[in-house]
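Just so we're clear, the structure is a prediction, and the values are computed from it rather than from any experiment.
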Amino acid sequence: MIGDTAVLLGRSLRHIARSPDTIITTAIMPIAFMLLFVYVFGGAIETGTDSYVNYLLPGILIITIASGISYTAYRLFSDLQGGIFERFLSMPITRAAVLWAHVLTSLVANLISLVVVVLVALVMGFRTSADLLGWLAVTGILVLFTLALTWLAVIPGLTAKSVDGASAFAYPLVLLPFVSSAFVPTDSMPAPVRAFAENQPVTSIVDALRNLFTGQPVGSEIWTALAWCVGILAVAYGFATMVYRRKIS
């Protein structure tokens with residue numbers, strides 16, 4: 001399976017290399033949000049920190065992932081509609097490799113987009129106190145979250161009836177960080193909104209990333225963040241593989 005997945009992964013990555021606009025488009029919207037909030041709204045938002053870009057970046061990274069995984073659903077849907085998916089399944093390769101190649105392609109493409117966003121944030125003044133272990137923890141959380149959302153994206157990629165339907169599911173995921181601690185502290189929110197914001201996955205993940213970047217004790221936030229990532233990943237993987245088995249049976 002590993003060899004088959006590697007071959008199909010290479011195919012997908014070559015497609016991305018020939019069409020770098022995918023990664024550019026994925027990174028443009030989060031960067032635009034970062035520019036807008038730092039240079040337009042940042043002075044009016046009280047976060048209790050010296051640098052708003054430092055406060056904002058974890059949420060922008062989540063938005064980057066959420067916007068990037070829509071391309072996974074799109075690529076999977078395109079392969080299905082183009083007939084190449086059935087062609088692969090008729091060849092002597094492991095069937096699971098076809099799906100895993102799309103998932104790993106999403107992981108690689110999203111990691112590149114995340115690096116681009118972090119580099120732009122550094123130009124804008126982002127600074128971190130995280131040591132090597134802190135950066136490894138940040139990377140681990142982002143990888144887990146990317147895999148979780150990617151497996152979630154596989155479901156509409158396999159079941160959608162149109163291109164718009166395959167990618168539109170990502171829109172609520174992009175908007176979810178706006179009702180979290182990503183842009184403003186939850187203390188400033190009305191009680192019902194605050195209750196939702198403090199008990200949804202983005203807030204715990206953003207808070208854990210923020211503490212890791214600043215070198216602060218992460219406390220229980222990191223375990224809550226990991227629990228959300230692993231939980232979403234397990235459920236999405238289960239549903240995606242079930243839909244995939246039905247699709248190829």
Side-chain angles (χ1 to χ4, degrees), residues 6 9-39 42 51-75 100-153 167 170 173-174 176-177 180 182-183 201-202 205-215 218 222 225-226 229 233:
L9 174 62
R11 164 190 173 264
S12 296
L13 292 178
R14 283 193 294 273
H15 285 177
I16 291 178
R18 293 168 186 164
S19 181
D21 57 299
T22 299
I23 293 176
I24 294 172
T25 303
T26 300
I28 279 179
M29 184 176 67
I31 290 173
F33 278 138
M34 188 161 56
L35 291 169
L36 177 66
F37 275 86
V38 170
Y39 294 124
S51 173
Y52 185 58
V53 68
N54 286 2
Y55 183 91
L56 183 68
L57 181 61
I60 295 298
L61 297 178
I62 298 300
I63 290 177
T64 304
I65 295 171
S67 61
I69 51 97
S70 63
Y71 285 97
T72 302
Y74 168 77
R75 285 190 293 265
W100 272 103
H102 280 281
V103 172
L104 294 178
T105 299
S106 171
L107 180 60
V108 173
N110 276 288
L111 287 176
I112 294 173
S113 296
L114 289 170
V115 170
V116 171
V117 171
V118 170
L119 291 176
V120 173
L122 287 170
V123 173
M124 294 173 62
F126 169 71
R127 297 296 180 265
T128 176
S129 303
D131 55 13
L132 178 60
L133 187 60
W135 273 104
L136 289 175
V138 167
T139 303
I141 292 173
L142 293 175
V143 166
L144 268 178
F145 191 64
T146 302
L147 287 174
L149 292 194
T150 297
W151 280 107
L152 200 61
S167 56
L173 299 178
V174 173
L176 196 58
S180 73
F183 295 92
V202 172
I205 295 170
V206 163
D207 288 347
L209 293 175
R210 190 174 289 133
N211 287 337
L212 288 167
F213 277 138
T214 57
V218 292
I222 192 169
L226 290 173
C229 291
L233 175 58

For a quick test of reading the model, state the closest non-hydrogen atom pair linking [X] to [Y] and the distance between them.
| X | Y | value |
| --- | --- | --- |
| A148 | C229 | CB-O, 3.7 Å |
| A182 | G59 | CB-CA, 3.7 Å |
| S51 | G125 | OG-O, 4.3 Å |
| N54 | R127 | OD1-N, 3.1 Å |
| S129 | T214 | CB-O, 3.6 Å |
| A225 | A208 | CB-CB, 4.1 Å |

Measure the [atom1]-[atom2] distance between [X] and [Y] for me, rounded to the nearest 0.5 Å.
| X | Y | atom1 | atom2 | result |
| --- | --- | --- | --- | --- |
| L212 | L133 | CG | CG | 8.5 Å |
| I31 | I63 | CD1 | CD1 | 12.5 Å |
| L144 | T139 | CG | OG1 | 11.0 Å |

Among I28, I60, T64, which residue meets the side-chain contact (heavy atoms from CB on, under 4.5 Å) test with F33?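 Exactly one pass, corresponding to I60.
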Exactly one of I141, V206, V117, I205 should register a side-chain contact (heavy atoms from CB on, under 4.5 Å) with L61. Which one does?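 The single option meeting the side-chain contact (heavy atoms from CB on, under 4.5 Å) with L61 is V117.
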Donor-acceptor pair, side chain of [X] and main chain of [Y], under 3.5 angstrom:
| X | Y | result |
| --- | --- | --- |
| R210 | Y55 | yes |
| S70 | A66 | no |
| Y52 | F183 | yes |

L119 vs V115, side-chain contact (heavy atoms from CB on, under 4.5 Å): CA-CA, chis, key distance, verdict: CA-CA 6 Å; L119 291 176; V115 170; 4.1 Å; yes
Using the side-chain contact (heavy atoms from CB on, under 4.5 Å) rule, take L142 and L209 through it: C-alpha gap first, then chi angles, then the decisive distance, then the call. CA-CA 9 Å; L142 293 175; L209 293 175; 3.9 Å; yes
Should V143 and T146 be marked as a side-chain contact (heavy atoms from CB on, under 4.5 Å) after you check the CA-CA gap, both sets of side-chain angles, and the distance that decides it? CA-CA 5 Å; V143 166; T146 302; 5.7 Å; no
Quick one: which residue pairs count as a ring pair (Phe, Tyr, Trp, His ring centres under 6.0 Å) with a foot in residues 108-136, not counting sequence neighbours?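 Residue pairs passing ring pair (Phe, Tyr, Trp, His ring centres under 6.0 Å), neighbours aside: F126-F213, W135-F213.
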Set out, in order, the CA-CA distance, both residues' side-chain angles and the distance that settles side-chain contact (heavy atoms from CB on, under 4.5 Å) for I69 and L173, then state yes or no. CA-CA 10 Å; I69 51 97; L173 299 178; 4.1 Å; yes
Can you sort out the partners of L176 under side-chain contact (heavy atoms from CB on, under 4.5 Å), two or more places apart, ordered by chain and number?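 For L176 the side-chain contact (heavy atoms from CB on, under 4.5 Å) partners, ignoring immediate neighbours, are F196, Q200, V202.
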Residues in side chain to side chain donor-acceptor pair (under 3.5 Å) contact with S106, at least two apart in sequence or another chain: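 S106: side chain to side chain donor-acceptor pair (under 3.5 Å) contacts with T72, N110, T150.
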